[in-house]
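Below: one structure, written as structure tokens.
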Amino acid sequence: VIALPVASIFTQTFLTSLVAGGLLAGVPLMFTALGEQISEASGVLNIGLEGMMLTGAYTGFLGAYYGHHDWLGYLTAIGGGVLVSLIMVVFCVRFLLDQIVVGIAITLLAEGATSVLQGAEFGKSYPRLPAASTVSIPGLDDIPIFGESLFQQPLVVYLGFALIGLTAWLFRHSRPGLNVRAAGQKPQALDAAGVSVVSTRSLAVITTGALAGLGGGYLAIAGAGIFVPFMTQGQGYIAIVICMLARGRPIWVLIGAFIFGMSLQLATALQIAGVDISTDVINMIPFVAVMLSLILFARGNFLPPALAQPYVRGAR
Amino acid sequence: MSDAATMVEDAPENVRATAPLAGVADMLIRSILPLFLALVAGGALVGALGHNPFAFYRDIYSGGIELSAWQDSLMRAATLTPIALGLIVVFRANIWNLGYQGQFLLSAAMVAGLGPKLEPHLSPTLTLIVLFVIAGVTGAAWTLIPAILKAWYQTNEIITTLMMTFIGISLAAILVKGPFQDFTSNVPETTILPLDDMLPTIPGTRTHVGVVIAAVLVLIVHYVTTRTSFGLKLQVLGANPRAAVHVGLDPKRVIVTSFLYSGALIGVAAAIEVLGIWGYMRADFNPAYGDAVIPFVFLARLNALAVVPFILFYSVLSVGGDYATLNAGLPVDFLLVIIGLTLLFMVFIEYLGRNREMGRSYITPGLRAGLRFRRSK
């Protein structure tokens with residue numbers, strides 16, 4: 001297996017499937033990590049990301065399944081994510097409770113609840129959704145290797161790219177974006193400027209829920225076309241790492257999500273290239289990639305100073 | 001904010017913690033009410049799904065206690081207890097080891113895989129001892145990278161331990177399907193250990209002696225955490241890393257040792273499970289015991305003795321829950337809902353308690369301070 005001629009791997013089919021698959025697997029990560037970035041920028045560490053993603057996957061699947069339309073699915077996915085994020089808003093932002101414990105609780109609750117509800121609804125069967133419709137951009141979709149994957153995607157993917165740009169702009173130039181960053185950098189200053197830290201953080205966490213829900217929804221609707229309990233398989237945590245490595249810059253979320261998406265997708269691409277590797281090895285790759293990047297870049301973590309600290313007015 | 005400010009901010013909590021007993025009733029409410037509320041809410045969910053919640057909990061009781069089911073519950077507790085102890089050790093030092101699943105499964109794979117290879121060469125007792133050592137070392141080794149990254153580079157250990165857990169889960173499956181595969185079997189699983197090489201049972205019962213091992217570990221960990229200088233070091237580091245340096249403590253050393261002890265205890269739990277219950281391991285074995293233990297570790301306020309009744313209660317819930325969910329046609333993941341709800345009710349009552357000065361906080365000020373992600377310079 002090791003002694004493969006390199007040329008046979010790097011065929012156009014292989015690269016096309018790797019890029020396409022990387023994008024397919026990367027989009028949920030992109031949405032979710034972007035959400036985490038907004039939450040972390042505001043000073044709230046969201047360990048419950050996995051649970052929000054999973055809830056979004058479930059509600060999104062239900063919406064698309066019963067509503068017979070992808071977009072309805074994405075809407076219910078956002079709704080599911082927001083609903084779960086409200087727990088975080090109430091417990092962590094309003095009541096100033098422990099963000100890690102609440103995050104763990106959210107993830108366990110979401111894992112259990114979606115599994116139980118799916119079991120109660122469908123028993124042991126896992127109904128499939130029809131293939132998601134894609135939008136091709138004429139002319140560009142003919143570019144070799146990148147064309148098909150980049151310019152022949154469900155509309156929601158282009159929306160995601162736009163959101164990355166929008167968030168970057170908001171963080172730099174808009175009042176709400178700057179408020180969010182201030183809430184993470186120096187909440188006292190924001191408070192002194194007459195802006196409510198609690199409201200700013202609440203809004204940021206709800207946005208995170210919406211984006212994580214959308215990411216999960218994409219995973220279920222466009223990615224897998226099916227909902228299986230525990231289907232996020234730690235992707236919420238990978239999103240947190242992408243966010244850590246992105247150091248507060250949305251564009252790096254896009255790049256990171258794509259890289260980790262490719263490592264998630266390596267299995268399929270290798271199988272297409274005729275290389276047979278056990279799925280267990282493949283499952284390990286993204287996490288090994290994360291560990292390596294953490295070991296290599298560990299010293300340069302960028303995290304807002306007020307991250308994971310509840311804001312108490314008047315406390316020094 | 002400087003660390004001095006951190007100390008000031010946490011000061012009221014510390015005062016409250018050392019204040020005269022705020023009332024046993026309050027303590028009981030704070031410890032037991034969250035669990036009770038979670039069971040009520042879980043019952044409501046069972047009812048909403050069209051089952052009789054009372055019959056459901058009745059099933060849990062009969063499946064977890066009646067006839068000789070209490071022995072199964074006891075054996076479940078024997079596995080869960082060392083995991084809880086492993087978490088107590090690190091949590092006390094203000095470190096989040098969330099990599100328990102990887103540590104557990106990898107140790108289980110090593111025990112199940114190496115057991116049949118060692119057994120022909122060693123006496124049964126020696127085999128058991130060697131396997132327990134292997135399990136402890138494996139569990140400890142799997143915490144090493146997060147421990148070093150945390151100690152030297154302040155890399156967030158929540159993330160690194162979680163990543164190591166996912167790698168560990170896959171690696172355990174690779175080991176079971178590869179070098180440890182039983183070639184006489186069609187399914188991916190290890191060779192079954194002869195009965196002689198498994199943990200003996202306590203005379204007169206079918207309960208294995210892992211229960212005794214777990215009980216001894218409880219006493220040891222309780223002694224070490226409350227009566228020795230190492231226990232004090234954990235507490236000092238947990239309370240204030242900066243103060244720890246000033247009193248001449250080497251935080252790096254304490255971080256790494258507490259991580260290693262934690263991993264070793266979780267590895268021992270895996271050995272008890274494999275050598276007490278199964279005698280082999282399937283590639284898809286993943287009971288996710290660690291997740292279940294977390295809320296109880298906090299409800300017991302990181303006290304090794306106090307965690308025991310909670311673990312016993314949960315063991316009944318989980319053994320009986322297997323039966324009750326099967327009976328109701330629900331996925332067994334239902335228990336995760338109870339666990340998640342317990343955590344949420346716990347922090348909620350913490351919130352009420354904070355406002356009413358009720359009892360002690362579940363989470364030590366130090367562990368909360370540890371959530372601050374800044375480098376501790």
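Computation of the quantities below employed the complete heavy-atom set of this structure, encompassing side-chain atoms and omitting hydrogens, waters and symmetry-equivalent molecules.
By the 4.5 Å heavy-atom criterion applied to side chains, Met291(A) and Leu149(B) are counted as neighbours. Side-chain contact check for Phe348(B) versus Val102(A): every heavy-atom pair is 4.5 Å or farther apart. Inter-residue side-chain proximity for Val101(A) and Phe298(B) is flagged as met; some heavy-atom pair is nearer than 4.5 Å.
Contacts between Ile338(B) and chain A at a heavy-atom distance below 4.5 Å are absent for every atom of the residue. Contacts of Ile167(B) with chain A are made by both backbone and side-chain atoms, with heavy-atom separations under 4.5 Å. Only the side chain of Ile47(A) comes within less than 4.5 Å of a heavy atom in chain B; its backbone stays farther off. In this structure, chain B has heavy atoms under 4.5 Å from both the backbone and the side chain of Val288(A). Residue Ile294(B) touches chain A through its side chain alone, counting heavy-atom pairs closer than 4.5 Å. Looking at Ile169(B), there are no atoms closer than 4.5 Å to chain A (heavy atoms on both sides), in backbone or side chain.
Gly340(B) and Ala105(A) get closest at one heavy-atom pair: O-CB, 3.7 Å. Here the shortest heavy-atom pairing between Ala113(A) and Val337(B) reads N-CG2, 3.4 Å. Leu49(B) and Ala120(A) get closest at one heavy-atom pair: CD2-CB, 3.7 Å. Nearest heavy-atom pair across Ile174(B) and Met284(A) is CD1-SD, 3.7 Å.
Contact annotation for residues 325-332 of chain B against chain A (heavy-atom separation below 4.5 Å, listed by residue number): Leu330(B), Pro331(B). Using a 4.5 Å heavy-atom cut-off against chain B, the contacting residues of residues 80-94 of chain A are Ile87(A), Phe91(A).
Separation of atoms CD1 (Ile158(B)) and CD1 (Ile104(A)) is listed at 7.0 Å; rounding is to 0.5 Å. Going from atom CD1 of Ile295(A) over to atom CE of Met163(B) covers 12.5 Å, rounded to the nearest 0.5 Å. We find the CZ-CD1 distance between Phe166(B) and Ile238(A) to be 7.5 Å, quoted to the nearest 0.5 Å. With rounding to the nearest 0.5 Å, the separation of CG in Leu344(B) from CD1 in Ile106(A) is 7.0 Å. If you take CG on Leu162(B) and CD on Glu50(A), they are separated by 9.0 Å, rounding to the nearest 0.5 Å.
Contacts with chain A were tallied for Leu335(B), Thr160(B), Leu98(B); Thr160(B) has the most, counting heavy-atom pairs under 4.5 Å. Most heavy-atom pairs under 4.5 Å with chain B, from the set Leu109(A), Thr107(A), Val290(A), Ile240(A): that is Leu109(A).
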Step-by-step side chain to side chain contact (heavy atoms under 4.5 Å, CB included) determination, Ile159(B) to Tyr237(A): CA-CA 7 Å; Ile159(B) 300 298; Tyr237(A) 299 116; 5.7 Å; no
Audit row: Leu294(A), Tyr153(B), side chain to side chain contact (heavy atoms under 4.5 Å, CB included) steps and yes/no: CA-CA 10 Å; Leu294(A) 281 177; Tyr153(B) 303 115; over 6 Å; no
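Using the six-membered ring where Trp is involved, Phe95(A) and Tyr351(B) have ring planes that are parallel, under 30° apart on the 30 and 60° scheme.
Sparse packing is recorded around CD1 of Ile145(B), with 12 or fewer heavy atoms of other residues, nucleotides or ligands lying under 6.0 Å away.
Partners of Asp291(B) by salt bridge (Lys or Arg N to Asp or Glu O under 4.0 Å), not counting sequence neighbours: none found.
Here side-chain hydrogen bond (donor to acceptor under 3.5 Å, both in side chains) pairs that include residues 111-123 of chain A, with residues two or more places apart or in two chains, are Tyr66(A)-Glu121(A), Ser115(A)-Asp333(B).
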